[in-house]
Amino acid sequence: MKIALLGYGKMGKVIERIALERGHEVVLKKDEFNTFDGIENADVAIDFSAPSIAVENISTAINQGIPVISGTTGWLENYHKIERLCNEKNAAFLYGSNFSLGVNLFFELNDYLAKMMAKFKDYKVSMEEIHHTQKLDKPSGTAISLANAIINHTEKNNWAIENPKEDDVFIDVKRIDDVPGTHSVFYNSEVDLIEIKHIAHNREGFALGAVIAAEWIIGKKGVFSMKDVLDLHK
Ligand SMILES: NC(=O)C1=CN([C@@H]2O[C@H](COP(=O)(O)OP(=O)(O)OC[C@H]3O[C@@H](n4cnc5c(N)ncnc54)[C@H](O)[C@@H]3O)[C@@H](O)[C@H]2O)C=CC1
Ligand SMILES: O=C(O)C1=N[C@H](C(=O)O)C[C@H](O)C1
């Protein structure tokens, strides 16, 4: 398949290598120094760019009728706008806060644990996310997905990265050089601590997941998530 890479930074480069290894072709590497010229030749667009540019990248591809995979985080206040555009244009769009298989399994584990812990009020839930110092958004998109699942199943109503209120899930955000992404969920009581943790060793898992999602979305119409790609919940 012919791929337009929207964003050609740390992730765009790993995605390019994995896509070429899997026999695909890259027809556009869009960054801040060029235009969308050539996007019309793509079968699919993969957006790993920046919070400020993601909506423009995704809308441009959808308006051309090109299916889009987006892994960019930090733009979700505009998610419904993109969802509407996708439906209006009868196009295909898939956002994932994290494309790695490991994190998507971790999401399932987090969901199960949150459901189970909801009735054990002695345990206080909190989270931690650690990423490299170049990351633009906080908390991470993955941390927001994890927190939203906890909010769905417990009496928590929101998440907070500072001064948490009683009904907030506190997310402790840490930035340390070269950390690809570490997420932990804690349930702490007076007597013990339950912790679940995912550590990405590198960016390969994110990139492979994005290419697999791009292969999967060809020929489909609608708004999807990684649950659809991985056939979880079926
Ligand atoms: N969903 C997932 O599995 C993952 C998501 N991410 C997210 O993907 C995004 C990109 O991550 P990285 O590649 O590490 O970042 P990066 O900073 O290394 O690369 C971003 C690229 O976006 C493009 N870009 C930035 N500003 C632009 C502008 N104003 N106009 C046009 N192009 C622009 C440039 O090509 C830049 O190199 C981030 O939002 C990050 O949080 C990162 C890893 C995994
Ligand atoms: O910016 C990153 O690097 C990452 N971003 C995603 C996020 O915000 O959750 C996914 C991964 O943790 C790496």
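Note that these values count all heavy atoms, side chains included, but never hydrogens, waters or copies made by symmetry.
No side-chain heavy atom of Ile150 sits under 4.5 Å from any side-chain heavy atom of Leu113. Side-chain contact between Asp167 and Glu155: absent, with no pair of heavy atoms (C-beta onward) separated by less than 4.5 Å. Looking only at side-chain heavy atoms (C-beta outward), His183 and His131 come within less than 4.5 Å of each other. Counting only heavy atoms from C-beta outward, the side chains of His198 and Leu105 never approach each other to under 4.5 Å. Side-chain contact between Leu76 and Tyr95 is present, with at least one heavy-atom pair separated by less than 4.5 Å. Within the 4.5 Å cutoff, side-chain heavy atoms of Thr73 are placed close to those of Lys135. At least one side-chain heavy atom of Ile194 sits under 4.5 Å from a side-chain heavy atom of Met117. Put simply, the side chain of Leu6 reaches to within 4.5 Å of the side chain of Leu28, judged on heavy atoms.
Summarising the geometry, atom CG belonging to Leu5 is positioned 12.5 Å from atom NZ belonging to Lys30; distances are rounded to the nearest 0.5 Å. Between the CG atom in Asn163 and the CZ atom in Phe170 there is a gap of 9.0 Å [rounded to 0.5 Å]. Here the straight-line distance linking atom CD1 of Ile196 with atom CZ of Phe106 works out to 4.0 Å at 0.5 Å rounding. In this structure, CD1 on Ile161 lies 8.0 Å from CD1 on Ile171, to the nearest 0.5 angstrom. With rounding to the nearest 0.5 angstrom, the CE atom of Met1 is 4.5 Å from the CD atom of Glu215. Once rounded to the nearest 0.5 Å, the distance linking CG of Asn110 with NZ of Lys115 reads 10.5 Å.
In this structure, the ring pair (Phe, Tyr, Trp, His ring centres under 6.0 Å) partners of Trp216, at least two apart in sequence or on a different chain, are Phe224. Taking the side chain to side chain donor-acceptor pair (under 3.5 Å) definition, one finds that Tyr187 meets it with nothing, sequence neighbours left out. Glu162 is linked by a side chain to side chain donor-acceptor pair (under 3.5 Å) to nothing, counting only residues two or more places apart in sequence or in another chain.
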**OP:** Please lay out, stage by stage, how Asp122 and Glu190 fare under the test side chain to side chain contact (heavy atoms under 4.5 Å, CB included).
**Re:** CA-CA 8 Å; Asp122 289 343; Glu190 290 289 321; over 6 Å; no
Subject >> side chain to side chain contact (heavy atoms under 4.5 Å, CB included) evaluation trace for Arg17 with Glu204 >> reply: CA-CA 10 Å; Arg17 178 171 48 72; Glu204 302 285 309; 2.5 Å; yes
Original post:
Yes or no on side chain to side chain contact (heavy atoms under 4.5 Å, CB included) for Gln64 and Lys89, after CA distance, side-chain angles and deciding distance?
Top reply: CA-CA 9 Å; Gln64 296 261 350; Lys89 301 281 174 184; over 6 Å; no
**OP:** Show the numbers, then the answer: is there a salt bridge (Lys or Arg N to Asp or Glu O under 4.0 Å) between Asp172 and Lys174?
**Re:** CA-CA 7 Å; Asp172 192 2; Lys174 296 187 172 151; 3.7 Å; yes
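Paired with Ile18 under the rule side-chain contact (heavy atoms from CB on, under 4.5 Å), one option of Leu20, Val14, Ile15 passes, and it is Val14.
In this structure, Tyr123 is a member of the same hydrophobic cluster as Met127, with clusters built from ILVMFWY side-chain heavy atoms closer than 4.5 Å. Note: the hydrophobic cluster containing Phe99 does not contain Leu109 (ILVMFWY, side chain heavy atoms under 4.5 Å, direct or indirect links). Tyr79 and Trp159 are members of different hydrophobic clusters when ILVMFWY side chains are connected at heavy-atom separations under 4.5 Å. The hydrophobic cluster containing Val173 does not contain Ile199, counting ILVMFWY residues as joined when their side-chain heavy atoms lie under 4.5 angstrom apart, directly or transitively. Clustering ILVMFWY residues whenever any of their side-chain heavy atoms sit less than 4.5 angstrom apart, transitively, puts Val223 in the very cluster that holds Trp75.
Of the possible polar contacts, one joining the Asn34 side chain to the Lys29 backbone as a donor-acceptor pair under 3.5 Å is found. A donor-acceptor distance shorter than 3.5 angstrom exists from the side chain of Lys156 to the backbone of Glu166, with no hydrogens or angles considered. Using modelled atom types, one side-chain atom of Asn104 and one backbone atom of Ser100 make a donor-acceptor pair closer than 3.5 Å. Counting only distance, with no hydrogens or angles, the side chain of Asp228 and the backbone of Ser225 share a donor-acceptor pair below 3.5 Å.
Within the cation-pi definition used here (under 6.0 Å to the ring centroid, within 45° of the axis), Lys13 qualifies as a partner of Tyr8.
Of all heavy-atom pairs between Phe107 and Ser97, the closest is CZ-OG, 3.6 Å. Closest heavy-atom contact between Lys124 and Lys121: NZ-O, 3.1 Å. Residue Ala4 comes nearest to Val27 through the heavy atom pair N-CG2, 4.3 Å, listed as atom of the first residue, atom of the second, then distance.
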Side-chain donor-acceptor pairs of residues 38-60 under 3.5 Å, sequence neighbours excluded:
| residue | atom | partner | partner atom | Å |
| --- | --- | --- | --- | --- |
| Glu40 | OE1 | Gly38 | N | 3.2 |
| Glu40 | OE2 | Gly38 | N | 3.4 |
| Asp43 | OD2 | Lys2 | N | 2.6 |
| Asp47 | OD1 | Ser49 | OG | 2.6 |
| Asp47 | OD1 | Asn57 | ND2 | 3.1 |
| Asp47 | OD2 | Ser70 | OG | 2.8 |
| Asp47 | OD2 | Thr72 | OG1 | 2.8 |
| Ser49 | OG | Asn57 | ND2 | 3.1 |
| Ser49 | OG | Thr72 | OG1 | 3.4 |
| Ser59 | OG | Val55 | O | 2.5 |
| Thr60 | OG1 | Glu56 | O | 2.7 |

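Ile130 belongs to a hydrophobic cluster with Ile176, Val179, counting contacts under 4.5 Å between side-chain heavy atoms of Ile, Leu, Val, Met, Phe, Trp and Tyr, direct or through other members. The hydrophobic side chain of Val191 is isolated, with no ILVMFWY side chain under 4.5 Å apart from it.
Within a 6.0 Å sphere centred on NZ of Lys81, other residues, nucleotides and ligands contribute 12 heavy atoms or fewer.
Using modelled atom types, one finds no donor on one side chain facing an acceptor on the other under 3.5 Å when comparing Ser145 with Asn148.
In this structure, Glu129 pairs ionically with Arg175, as a charged nitrogen and a carboxylate oxygen lie closer than 4.0 Å.
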